[in-house]
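Residue numbers begin at 1 in each chain, while the letters A, B, ... track the order of the sequences.
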There are 2 protein chains.
Amino acid sequence: MAAATLAAKAPEERRGRILRATIAVVRERGFAGTRVTDIAEAAGTSQGLVLYHFGSLAGALAASLTLLEDEFYEELERNLSEVVGPVPRLRHIAELGAGYGPAVGDWRLWLELWVRAIRDDGARAARESLDNRWRGALRQVVDEGLAAGVFAASDPKASVLRLAALMDGLAIQLALAEPGMTTGKFTELWWQSAVLELGISPAGEKTGPAGGRRKK
Amino acid sequence: MAAATLAAKAPEERRGRILRATIAVVRERGFAGTRVTDIAEAAGTSQGLVLYHFGSLAGALAASLTLLEDEFYEELERNLSEVVGPVPRLRHIAELGAGYGPAVGDWRLWLELWVRAIRDDGARAARESLDNRWRGALRQVVDEGLAAGVFAASDPKASVLRLAALMDGLAIQLALAEPGMTTGKFTELWWQSAVLELGISPAGEKTGPAGGRRKK
DNA sequence: CGGGTTATTGAACGGTTATTCAGGTTAGGC
DNA sequence: GCCTAACCTGAATAACCGTTCAATAACCCG
């Protein structure tokens, strides 16, 4: 019956596919370079459908931001639950930032988001939400460590702010493939700051970049 | 006849005016939102002239980047020569980053540059050059302090990298007007990191977040 | 099974914008 | 003073791209 057209899944499925395609295109071409055609092509649908579901290109971009948020939350949760104990967890964060996966592409996406947030309210809200969430996670790990007595910080709030900002700053260089900046270096540099900020004792500091390291 | 047209200064003057206008427009509208018309309007000339001098919109944007570099160099030089001694100089850098002037707008321009650098080679080169210059200045101050014995760092190179990255990271929040981030907080947060990284002795750390400032 | 609503398409439309161009104006060497 | 080349302009051109639209197809419900 009714010779199967290419795809006739639930409209929700198509909608989601378009959203995912949008993110993929933005990742590759940036917000400014993303056209309706690109999205349609990446999603395997027509331009018309993109507009049908989201009203406009801007609408599709905006909707994709909330998907981005959701996925970020999810992944963050999943990632941090893998590891227990303040020090390993902090270390894990250091490595997460560098990203063993396609992190460079992800950081580029964040850069795009920052710039878009300058002028687009939806993007501003998304990036603020993302940032708060991220900083909250960091904050939580720090509090955990303070409570356990393995971290020491005179002003934890400021330390968290600085560590979060440092990661963003380092990420810029990673995203732009600054010569000399690698994921390994990223992790190392950030971790050293964390050690400094939080007075982590050598015992807890298990993973050295190379060679011995001590404190006193 | 031919009543005097508005302006017939040297073509170099117009060229420069267009370049300056381009930067101004990019600052306000971003690279993506900058149109030839905007530049012409801001420069008080015709669209034709913009293209006449620079060949294309992309050409004008590219040319404006080198002007941006030049002006940055100049201003950096001028600014840092004002202050002597490692500690005051470092402190000055902390305040420069926060910017007592239109720094928010400037940081937004840097954000724009970063994103453009992802895909545009000219922008990439410009930002790398700018960044090296900036980091070099920081590095110089740090070396000065190490030589004078007022700073102590086990890995100065890493410290410089981190301090530079931290400034970028904090700048993002400043540029995006993150609630709670002010120029004062910016300076304070960065300065504390500098103190921590470089083991600045309390004597040198003259400026509290508020209160008087003096030197030995 | 109909009939109406929802999805989906591809082509047509229209606005915006970079670029081209033909024609003037200015400046400076001769 | 005049001639040529550099400068400058505003309008015409043309391409690109978001959006609209009329026509189908699929789905759902009674």
Side-chain angles (χ1 to χ4, degrees), chain A residues 1-26 28-65 112 116 119-120 122-123, chain B residues 1-26 28-65 112 116 119-120 122-123:
Chain A
M1 43 155 62
T5 36
L6 336 161
K9 306 292 188 66
E12 270 314 307
E13 196 270 350
R14 311 278 327 261
R15 202 187 136 92
R17 190 195 296 256
I18 291 173
L19 249 21
R20 259 169 259 282
T22 303
I23 295 177
V25 174
V26 170
E28 190 172 335
R29 293 201 153 29
F31 278 102
T34 296
R35 301 174 308 231
V36 178
T37 307
D38 299 323
I39 297 174
E41 196 173 317
T45 68
S46 66
Q47 305 184 28
L49 194 61
V50 176
L51 280 308
Y52 173 77
H53 277 301
F54 302 101
S56 66
L57 172 59
L61 293 174
S64 76
L65 289 181
E112 293 281 349
R116 178 147 250 250
R119 295 171 187 92
D120 178 273
Chain B
M1 43 175 39
T5 36
L6 334 163
K9 305 292 188 65
E12 270 313 308
E13 198 270 352
R14 314 275 331 258
R15 201 188 139 93
R17 189 195 296 256
I18 291 173
L19 250 20
R20 259 169 259 282
T22 303
I23 295 177
V25 174
V26 169
E28 190 174 334
R29 293 200 156 26
F31 278 102
T34 297
R35 301 176 309 237
V36 179
T37 307
D38 299 323
I39 297 174
E41 196 173 319
T45 69
S46 67
Q47 306 183 28
L49 193 62
V50 176
L51 280 308
Y52 173 77
H53 277 302
F54 303 102
S56 67
L57 171 60
L61 294 174
S64 76
L65 289 181
E112 293 281 350
R116 178 149 252 249
R119 293 172 189 92
D120 177 275

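Comparing A/Arg35 and A/Gly48, the nucleotide of DNA chain D nearest to each residue sits closer to the 5' end for A/Arg35.
In this structure, the nucleotide among C/dA18, D/dT9, C/dT8 sitting nearest to the side chain of B/Val36 is C/dA18. Here the nucleotide nearest the side chain of A/Ser46, chosen from C/dT9, C/dT19, D/dT19, is C/dT9. Of the candidates C/dA7, D/dG18, D/dT9, the closest approach to any side-chain atom of B/Thr45 belongs to D/dT9.
Distance, B/Tyr52 OH to D/dC7 P: 4 Å, rounded to whole Å. Atom CD of A/Glu13 and atom C1' of D/dA26 are 15 Å apart (whole Å). Going from atom CG of A/Asp38 over to atom C1' of D/dC16 covers 12 Å, rounded to whole Å. Rounded to a whole Å, the CZ atom of B/Arg17 is 10 Å from the P atom of D/dC8. One atom, CD of A/Glu12, and another, P of D/dC27, lie 15 Å apart when rounded to the nearest Å. Rounded to whole Å, the distance from CG on B/Leu57 to P on D/dC16 is 16 Å.
At the heavy-atom level, A/Leu49 lies under 4.0 Å from base atoms of the strands shown. A/Leu51 comes within 4.0 angstrom of a base, heavy atoms only.
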Would B/Arg116 and B/Leu61 count as a side chain to side chain contact (heavy atoms under 4.5 Å, CB included) if you check the C-alpha gap in whole Å, the side-chain angles of each, and the deciding distance to 0.1 Å? CA-CA 11 Å; B/Arg116 178 149 252 249; B/Leu61 294 174; 4.0 Å; yes
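At C/dT6, none of the side-chain N or O atoms of A/Arg15 fall inside 4.0 Å of OP1 or OP2 (strictly under the cut-off). At the phosphate of D/dC8, OP1 or OP2 sits under 4.0 Å from a side-chain N or O atom of B/His53. The side chain of B/Arg14 places no N or O atom within less than 4.0 Å of a non-bridging phosphate oxygen (OP1 or OP2) of D/dA6.
Between B/Ile18 atom CD1 and B/Glu13 atom CD the span is 9.5 Å, to the nearest 0.5 Å. Rounded to the nearest 0.5 angstrom, B/Ile39 CD1 and B/Arg17 CZ are separated by 14.5 Å.
Side-chain atoms of B/Asp38 and B/Glu28, non-hydrogen and from C-beta on, never get closer than 4.5 Å to each other.
Closest of all the heavy-atom pairs between A/Leu57 and A/Arg35 is CD1-C, 4.5 Å.
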